[in-house]
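The block underneath contains the structure these notes are about, expressed in structure tokens.
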Amino acid sequence: KNLNDYLNALVTKFRTKAKTALRKSEELTVIDMNLEEIEIYKEKLQSLYLQVLDKSSFQFGTLNAESFLNLKQNLGNDFIVRGYFLDSELVGFSSSFLFNSILDANYVGINYALNQEYAIYQRMLYDYIELAITRNCNELRFGRTAEEIKSSVGAIPVPMKLFIRH
């Protein structure tokens with residue numbers, strides 16, 4: 001029914017990890033960004049996204065932050081961009097799509113210099129879980145990267161098919 005129910009269902013080891021991450025991230029302010037806020041922060045969104053992309057071993061290409069504006073404009077509440085702020089500085093963001101009772105976690109951006117201290121990425125994962133619970137989703141799709149940390153929040157790998165056409 002809520003994040004506390006989820007945390008209570010975890011084995012002690014993972015519940016302790018979750019509580020540590022949530023405690024470390026207490027100073028972060030999280031907001032669901034509207035179209036105007038995405039416009040205001042689009043350069044910072046791009047910069048944070050590129051930090052993640054630079055660490056990735058496989059890339060399809062680079063997404064332009066203008067895409068977030070277009071997605072929000074066209075999908076409205078079915079496209080969610082969350083901003084993670086430390087004081088008034090945007091230090092991370094996550095995005096997701098809602099469709100057919102599925103929450104599809106998608107693009108993220110992280111200030112890696114602050115990630116360890118404030119558990120930004122871990123907080124994003126727990127926020128995705130909470131969002132899926134509050135939106136009554138039947139499924140939460142985390143994607144193909146960072147399998148180890150995702151398994152620590154209860155994710156299980158599922159074979160995926162992908163079709164790419166040039």
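For the single chain, residues carry numbers from 1 onward in sequence order. Predicted model only: the values in this text are computed from it and were never measured.
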If I take atom [atom1] from residue [X] and atom [atom2] from residue [Y], how far apart are they, to the nearest 0.5 angstrom?
{"X": "Asp5", "Y": "Leu10", "atom1": "CG", "atom2": "CG", "answer": "11.0 Å"}
{"X": "Leu103", "Y": "Leu131", "atom1": "CG", "atom2": "CG", "answer": "5.0 Å"}
{"X": "Arg123", "Y": "Asn115", "atom1": "CZ", "atom2": "CG", "answer": "13.0 Å"}
{"X": "Met124", "Y": "Ser25", "atom1": "CE", "atom2": "OG", "answer": "10.5 Å"}
{"X": "Ser95", "Y": "Lys72", "atom1": "OG", "atom2": "NZ", "answer": "10.5 Å"}
{"X": "Ile120", "Y": "Leu86", "atom1": "CD1", "atom2": "CG", "answer": "7.5 Å"}

Can you label the angle between the Tyr49 ring and the Phe68 ring as parallel, tilted or perpendicular, going by 30° and 60°?
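Ring orientation, 0 to 90° scale: perpendicular.
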Which pairs with one or both residues in residues 27-38 pass side-chain hydrogen bond (donor to acceptor under 3.5 Å, both in side chains), sequence neighbours excluded?
Asp32-Arg82
Which atoms form the tightest heavy-atom contact between [X] and [Y], and what is the distance?
{"X": "Leu48", "Y": "Gly92", "value": "CD1-N, 3.6 Å"}
{"X": "Tyr128", "Y": "Ser94", "value": "OH-CB, 3.3 Å"}
{"X": "Gln116", "Y": "Lys24", "value": "O-NZ, 2.9 Å"}
{"X": "Ser96", "Y": "Ala105", "value": "CB-CA, 4.1 Å"}
{"X": "Ala18", "Y": "Leu7", "value": "CB-CD2, 3.5 Å"}

Criterion side chain to side chain contact (heavy atoms under 4.5 Å, CB included) against Val81, the qualifying member of Ile38, Leu35, Leu69
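For Val81, the side chain to side chain contact (heavy atoms under 4.5 Å, CB included) check succeeds only for Ile38.
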Test item: [X] side-chain N/O and [Y] main-chain N/O as donor-acceptor pair under 3.5 Å:
{"X": "Lys17", "Y": "Thr12", "value": "no"}
{"X": "Gln122", "Y": "Ala21", "value": "no"}
{"X": "Asn100", "Y": "Ile102", "value": "no"}

For residues [X] and [Y], determine if any side-chain heavy atom of one lies less than 4.5 Å from a side-chain heavy atom of the other.
{"X": "Thr134", "Y": "Glu130", "result": "yes"}
{"X": "Phe99", "Y": "Asp78", "result": "no"}
{"X": "Asp127", "Y": "Leu3", "result": "no"}
{"X": "Tyr112", "Y": "Tyr121", "result": "no"}
{"X": "Ile110", "Y": "Tyr84", "result": "no"}

Test side-chain contact (heavy atoms from CB on, under 4.5 Å) on Ile31 and Met33 and set out the steps.
CA-CA 6 Å; Ile31 64 161; Met33 299 175 83; 4.1 Å; yes
More than 12 heavy atoms from other groups under 6.0 Å of CG on Asn77
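12 or below, so no.
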Return yes when atom OH of Tyr107 has more than 12 non-hydrogen atoms of other residues, nucleotides or ligands closer than 6.0 Å, and no otherwise.
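Check fails, neighbour count at 12 or below.
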Passes side-chain contact (heavy atoms from CB on, under 4.5 Å), Leu98 versus Arg135? Steps please.
CA-CA 9 Å; Leu98 277 169; Arg135 298 287 178 102; 2.8 Å; yes
If the threshold is 4.0 Å, N to carboxylate O, is there a salt bridge linking Arg141 and Glu139?
yes
Salt bridge flag under 4.0 Å for residues Glu39 and Lys42:
yes
ring-ring contact (aromatic ring centres under 6.0 Å, His included): which pairs involve residues 20-44, sequence neighbours left out?
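The answer is Tyr41-Phe85.
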For Glu89, all residues meeting side-chain contact (heavy atoms from CB on, under 4.5 Å), sequence neighbours excluded:
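In terms of side-chain contact (heavy atoms from CB on, under 4.5 Å), with neighbours along the sequence ignored, Glu89 is linked to Lys44, Val91, Asn111.
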